[in-house]
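Working notes for the structure below.
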Amino acid sequence: MSGPGRAAAEAPGRTGPAETGLAGAPATGSSAPRSWPFGWRPWRKRSIAVRLAVSALLSSALILLIAGLILSTLYRETTERAFDSRLLVYANDLATNLVSPSDSEARNFGSLGDPRFDLPLSGWYWQVGRPNARPRDLRTSRSLVGVPLQPPDDAVGEAGAGQLRKGYGKAQDDRPLRIIERTVDLGEEGRYLVRVAGPSDEIAADMRRFTLALTTTFALLGLSLGLTTLLQIRFGLAPLIKLRAALGAIRRGEADRISGEYPRDIAPLAGEVNLLLETNREILERARTQVGNLAHALKTPLSIIVNEASAGDANSELAVKVREQAAVMRDQVNYHLDRARAAALAGALGTFTDVEPVVAALVRTFGKIFYDKDLTFETSVTPGLRFRGERQDFEEMIGNLVDNAAKWAHSRVSIRAEVIGQGEYPHLIVTVEDDGPGLPPEARVAVLERGRRLDETKPGSGLGLSIVSDLAALYRGRLRLDAAALGGLRAVIEVPGDASPAAQA
């Protein structure tokens, strides 16, 4: 529809659907929700399954990490104690030689039964001497090759008689060592310091093997726990997934209630939803009945008034005025009754209308009505599109748009229908264009006033676009007027809709 005299109607002064979007979908612009980087969303918007999975995996990983650290620490202490026990055997052997009743200078310590003490720089060393003795006064293993063995770097204080000090140090070749030392009191002969060392890389190698085995074991255990957790979550949330699918079937018009058995903690919810659906249907049915009763109650008196006005002098000024106002009242009653009926039906769940057959029927009808203009109707409708509402309301909206377009078109009328958006809130976009004279932007505002007609030469009451705008608003949609690519006016209506499951498959 277009043209300076195009019939038009009121666009209600609303901000809801136009600003907040269709079917509760968020609007674009400054009021749009915050965009989170890398797909991150606040936890309050995450699904229950994601929350359970993440919390379970994080807690399991933390528990395994703490357990791994504790086990590694305990194993290291155990390994060090075992290594120290070996060194202590050699230290006790040296101490035994010290306390044997023989000349202190003639005591023979030897290799302590381990040939590694005779191999130069083997990492296995012993040293016996008085505390603070000079290097030349020390008795050492051959493996030290004349270089004194230093005390442990991390040992604190001095060991008393019979006590042990142990820790880590370095050999002359910077090889890490595990060192123990003890003081032996020989009474009149004084005190001797016995020091034995072994390569600590054996402890490190043992720890690496244990850490690798522990990491592998815990990784497999963590993987098993993760898979088990996911299976438990899927099994535990299966009733909720089933309930969601049942609600989706009701929304798509494939079912009228939630059926099936649910666990006792979800069954009350399903029962309450079914009760809500039944109550909604009862309310809608009462609304339809009341609308029908009101229509009969008003139309009968109007018909009597018109008949009485025509019974006398039908051409008198009073009779003409009565018939004129009665016709206006009848139009207004029909208009508001249609709005009330549509408002009741717009809240009904599970009502769908196939778009393609409605558009095809309207094209055939208006092709016959405007046969004298030889119009070309171009249609492009995605197969399987559905309008979420009553067929009569959809025919009313699209029919008014096509009617206005056909009145002002020179030769072409274009009708396109598609679905925009995915997920829970898709909506149907129907665009009707013509190649008529079009309207300037300021005139598009004027034609949306109820009953406003810029050209009285065209037939119509001026309520067509008002009905379209109001019906779209009742379905939480909107009507928009723009310039058409064909040169005339483009009317775009956005209402809830989607594609049928068969088309999506």
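Partners of D482 by salt bridge (charged side-chain N to carboxylate O under 4.0 Å, His left out), not counting sequence neighbours, listed by chain and number: R480, R490. When the salt bridge (charged side-chain N to carboxylate O under 4.0 Å, His left out) test is applied to E202, the partners found at least two apart in sequence or on another chain are R86. For the salt bridge (charged side-chain N to carboxylate O under 4.0 Å, His left out) test, no residue two or more places apart in sequence or in another chain qualifies with E356. Partners of L362 according to the side-chain contact (heavy atoms from CB on, under 4.5 Å) rule, which considers only residues two or more places apart in sequence or in another chain, are V358, F366, I398. R142 pairs by the side-chain contact (heavy atoms from CB on, under 4.5 Å) definition with D118, not counting sequence neighbours. Qualifying salt bridge (charged side-chain N to carboxylate O under 4.0 Å, His left out) partners for R81, counting only residues two or more places apart in sequence or in other chains: none. F394 pairs by the ring-ring contact (aromatic ring centres under 6.0 Å, His included) definition with F387, not counting sequence neighbours. Residues satisfying the side-chain contact (heavy atoms from CB on, under 4.5 Å) test with R134, not counting sequence neighbours, are R136, D137.
Once rounded to the nearest 0.5 Å, the distance linking CD of E378 with CZ of R416 reads 10.0 Å. Atom CD of residue E181 and atom CG of residue L193 lie 5.0 Å apart, to the nearest 0.5 angstrom. Separation of atoms CG (L240) and OH (Y262) is listed at 9.5 Å; rounding is to 0.5 Å. Put simply, CG on L277 and CD1 on I258 are 6.5 Å apart, with the number rounded to the nearest 0.5 Å.
For residues 268-279, every residue pair satisfying the salt bridge (Lys or Arg N to Asp or Glu O under 4.0 Å) rule, not counting sequence neighbours, is listed here: R257-E278. Applying the ring-ring contact (aromatic ring centres under 6.0 Å, His included) test to every pair with at least one member in residues 53-87, sequence neighbours left out, gives these pairs: Y75-F210, F83-W124.
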Check residues 58-73 and write down every donor-acceptor pair under 3.5 Å in which the side-chain atom is one partner and the other belongs to a residue at least two apart or another chain.
| unit_1 | atom_1 | unit_2 | atom_2 | d |
| --- | --- | --- | --- | --- |
| S59 | OG | S55 | O | 2.9 |
| S59 | OG | A56 | O | 2.9 |
| S60 | OG | A56 | O | 2.8 |
| S72 | OG | G68 | O | 2.8 |
| T73 | OG1 | L69 | O | 2.8 |

Show every donor-acceptor pair shorter than 3.5 Å between a side-chain atom in residues 211-226 and any protein atom, with sequence neighbours excluded, or say none if there are none.
| unit_1 | atom_1 | unit_2 | atom_2 | d |
| --- | --- | --- | --- | --- |
| T211 | OG1 | M207 | O | 2.7 |
| T215 | OG1 | T211 | O | 2.7 |
| T216 | OG1 | L212 | O | 2.8 |
| T217 | OG1 | A213 | O | 2.7 |
| S224 | OG | L220 | O | 2.8 |

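Residues G129 and L138 share a closest heavy-atom pair of CA-CD2, 3.7 Å. The shortest non-hydrogen separation linking E390 to Y475 is N-OH, 3.3 Å. Closest of all the heavy-atom pairs between Q150 and I179 is O-CD1, 3.5 Å.
Side-chain contact of Y125 with Q172: a donor-acceptor pair under 3.5 Å is absent, judged by distance alone.
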